[in-house]
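Accompanying notes for the structure given below.
Per chain, numbering begins at 1; letters A, B, ... match sequence-line order.
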2 protein chains.
Amino acid sequence: MTEDRWTPPAVMLAVDLVILTLRESSLKVLLIERGVEPYEGAWALPGGFLRDAEEDLTAAARRELEEEAAMDAATLHLEHLGVYGAPGRDPRGRVVSVAYLAIAPGLPEPTAGTDAAGARWQPADQVLSGELELAFDHRRIVEDGVENARAKLEHSALATAFCAPVFTITDLQRVYEAVWGVSLDPRNFYRKVQRTSGFIVAAGPERKVTSGRPARLFKAGPRKVLYPPMIRPSEPSNTKGPEE
Amino acid sequence: MTEDRWTPPAVMLAVDLVILTLRESSLKVLLIERGVEPYEGAWALPGGFLRDAEEDLTAAARRELEEEAAMDAATLHLEHLGVYGAPGRDPRGRVVSVAYLAIAPGLPEPTAGTDAAGARWQPADQVLSGELELAFDHRRIVEDGVENARAKLEHSALATAFCAPVFTITDLQRVYEAVWGVSLDPRNFYRKVQRTSGFIVAAGPERKVTSGRPARLFKAGPRKVLYPPMIRPSEPSNTKGPEE
DNA sequence: GAAATAGTGTCTTTTAGACAATATATG
DNA sequence: CATATATTGTCTAAAAGACACTATTTC
């Protein structure tokens with residue numbers, strides 16, 4: 001408990017968004033070119049300060065999603081990611097940032113015309129590898145966001161959030177392959193997904209054509225928790241797993 | 001990005017702790033009887049405001065752990081849990097609370113003598129069921145903390161954080177049983193844990209006696225991620241899983 | 001028909017889960 | 001020896017993973 005007559009310090013609260021999507025079969029993150037100091041001209045996550053002292057945090061996240069990314073927050077998967085509040089992370093003073101993770105289906109490039117001019121889908125690899133440097137501690141936030149998404153693909157139906165309302169099983173497989181950075185056997189994937197009842201459900205007799213046999217169409221099912229889980233390859237039976 | 005010449009609203013930042021442990025084979029959470037308004041006399045999570053505008057968030061969590069729970073933060077598992085910032089959750093104004101989850105091995109009751117007078121280990125069930133009402137939105141935070149712990153037992157070595165530095169496989173099984181609220185087959189559990197190399201490692205030829213055959217002693221191994229994961233029973237092949 | 005993608009069948013290996021049997025202590 | 005707990009062995013069912021094969025489209 002805290003002492004009487006003492007006033008707690010005030011801090012500035014910001015909201016940052018890690019918005020992931022799949023474009024050209026690779027994982028992208030939405031970045032914005034900063035127009036003001038600090039880090040003017042650098043790439044950064046969309047986000048900003050709380051508008052007023054009454055604004056709810058998730059409301060602020062949704063507002064930024066619409067203002068900075070020109071996306072409809074109602075249709076996107078949006079969840080809490082973490083808090084980044086190390087002193088000194090922002091030269092303007094004590095800024096604590098609450099990060100949210102959003103997953104979007106493949107959308108057109110959000111270039112000119114919208115509020116999101118200067119926004120660009122950048123390959124997540126380039127951020128993770130450090131090839132593309134970000135403002136503040138945003139690279140770390142992206143790392144956490146991507147790892148969060150990777151983990152959730154295993155046990156939840158999050159993968160469907162990367163897909164259009166109606167999709168094929170191959171579309172879904174591309175999500176797993178891109179986010180995990182692996183390649184999966186289409187035949188085993190097909191059956192695994194179908195056997196997990198409630199994960200995806202048939203969406204009419206419609207089909208989709210490109211060159212081969214038309215694929216059945218599906219939409220996200222009611223099941224949110226996958227059991228048994230989808231299995232991420234590459235850790236067959238190693239002695240020491242990655243650190244937590 | 002934010003406009004020029006506009007000052008973001010300031011909020012008060014608090015840190016709250018969900019400290020879980022195992023006592024008498026049941027899951028307990030550390031609660032404190034509030035000595036000041038608001039909610040004077042009610043049970044609440046240990047926690048408090050940031051000390052000053054320079055204090056790091058995790059440092060604040062560690063400080064509260066020592067001040068309010070009289071525990072050594074260096075030896076405990078401590079991780080971010082979530083942010084609770086709904087307007088109106090605290091009658092004193094806009095308070096945003098960053099919650100941390102701590103896991104402690106079974107410790108003596110933290111009663112008189114320490115700074116933590118008024119602190120008590122309460123059964124987690126009683127909080128989750130609503131039998132014991134908590135101040136603010138702390139019941140919700142406990143719910144999230146317990147669910148987080150339950151999930152992490154599956155895929156990480158978190159269970160060892162509930163144990164003393166040296167423990168038996170049966171001790172570890174009690175952790176799973178208490179946190180998950182299930183009962184497990186000791187023989188299958190035994191082999192499952194042993195097969196997951198790096199999860200636990202032998203700790204000398206010492207033994208421990210009570211009435212039956214003495215058990216081998218183990219300590220936490222280097223492996224933090226469990227693969228294959230421990231499996232939480234009760235969702236055998238149901239059509240619809242629990243919501244996320 | 002050739003090429004491409006979708007979907008099915010089948011076999012092997014691994015793992016989960018049930019449970020008998022054995023081992024080593026105490027009283 | 002009775003009792004209690006620890007540890008090992010064995011069997012069965014389910015699921016993962018490899019991969020041959022069939023189906024349906026476009027060119």
Handout entry: Worked check of side-chain contact (heavy atoms from CB on, under 4.5 Å) between A/Met230 and A/Val193
Key = CA-CA 8 Å; A/Met230 303 297 292; A/Val193 164; 4.0 Å; yes

Handout entry: Residue A/Arg195, side-chain heavy atoms: nucleotide from C/dT8, D/dA16, D/dA23 that is nearest
Key = D/dA16

Problem - Closest to side chain of B/Pro228, choosing from C/dT15, D/dA23, D/dT7 - result: C/dT15

Problem - Minimum-distance nucleotide (side-chain atoms of B/Ile231 versus C/dA20, C/dA16, C/dG7) - result: C/dA16

Problem - Short side-chain N/O contact to C/dA6 OP1/OP2 from A/Thr170, under 4.0 Å - result: yes

Problem - N or O in side chain of A/Thr210 less than 4.0 angstrom from C/dA4 OP1/OP2 - result: no

Handout entry: Any donor-acceptor N/O pair, B/Gln173 side chain to B/Leu184 backbone, under 3.5 Å
Key = yes

Handout entry: Among C/dA4, C/dA18, C/dT10, the one nearest A/Arg191 by side-chain distance
Key = C/dT10

Handout entry: Nearest-neighbour nucleotide for the A/Ala215 side chain, C/dA4, C/dG7, C/dT24 considered
Key = C/dG7

Practice task
Give a yes or no on whether the backbone of A/Lys28 and the side-chain of A/Thr21 come within a donor-acceptor separation of less than 3.5 Å.
Solution key: no

Completion exercise
Rounded to whole Å, CZ of A/Arg213 lies from P of D/dT25 at a distance of 8 Å

Exercise for the section: Round to the nearest Å and state the distance from B/Met230 atom CE to C/dT15 atom P. Expected result: 14 Å

Fill in the blank from the handout: Per nearest nucleotide of DNA chain D, the residue lying toward the 5' end, B/Tyr190 or B/Gly212, is B/Gly212

Completion exercise
In whole angstroms, the gap separating C1' of D/dA6 from CG of B/Leu217 amounts to 12 Å

Practice task
Please determine if a side-chain N or O atom of B/Arg207 lies less than 4.0 Å away from the OP1 or OP2 oxygen of D/dT5.
Solution key: no

Practice task
Look at the side chain of B/Arg187 and the base of C/dA20, then say whether one donor and one acceptor between them are separated by less than 3.5 Å.
Solution key: yes

Fill in the blank from the handout: From the candidates D/dT8, C/dA25, D/dG17, the one with an atom nearest any side-chain atom of B/Arg216 is D/dT8

Exercise for the section: Calculate the interatomic distance between B/Asp185 atom CG and D/dA6 atom C1'; express it in whole Å. Expected result: 13 Å

Practice task
Starting from P on D/dT7, measure out to CD on B/Gln194 and report it in whole angstrom.
Solution key: 8 Å

Handout entry: Phosphate OP1/OP2 of D/dA15: any A/Lys192 side-chain N/O under 4.0 Å
Key = no

Practice task
Using atom CG of A/Leu184 as one end and atom P of D/dA18 as the other, report the distance to the nearest whole Å.
Solution key: 10 Å

Handout entry: OP1 or OP2 of D/dT5 under 4.0 Å from side-chain N/O of B/Arg174
Key = no

Handout entry: Nearest listed nucleotide, side chain of A/Ser211, among C/dT5, C/dA23, C/dT8
Key = C/dT5

Practice task
Verify the neighbour count for atom CD of A/Glu133: are there more than 12 heavy atoms of other residues, nucleotides or ligands below 6.0 Å?
Solution key: no

Practice task
Rounded off to whole Å, could you give me the CD-to-C1' distance for the A/Gln173 and C/dG7 pair?
Solution key: 12 Å

Problem - Ion pair check, B/Glu143 and B/Arg139, cut-off under 4.0 Å - result: yes

Practice task
With side-chain contact (heavy atoms from CB on, under 4.5 Å) as the test, would you mind laying out the steps for A/Tyr100 and A/Arg62 before giving the verdict?
Solution key: CA-CA 10 Å; A/Tyr100 285 82; A/Arg62 275 193 292 271; over 6 Å; no

Problem - Whole angstrom value for the distance that separates P of D/dT8 from CG of B/Asn188 - result: 13 Å

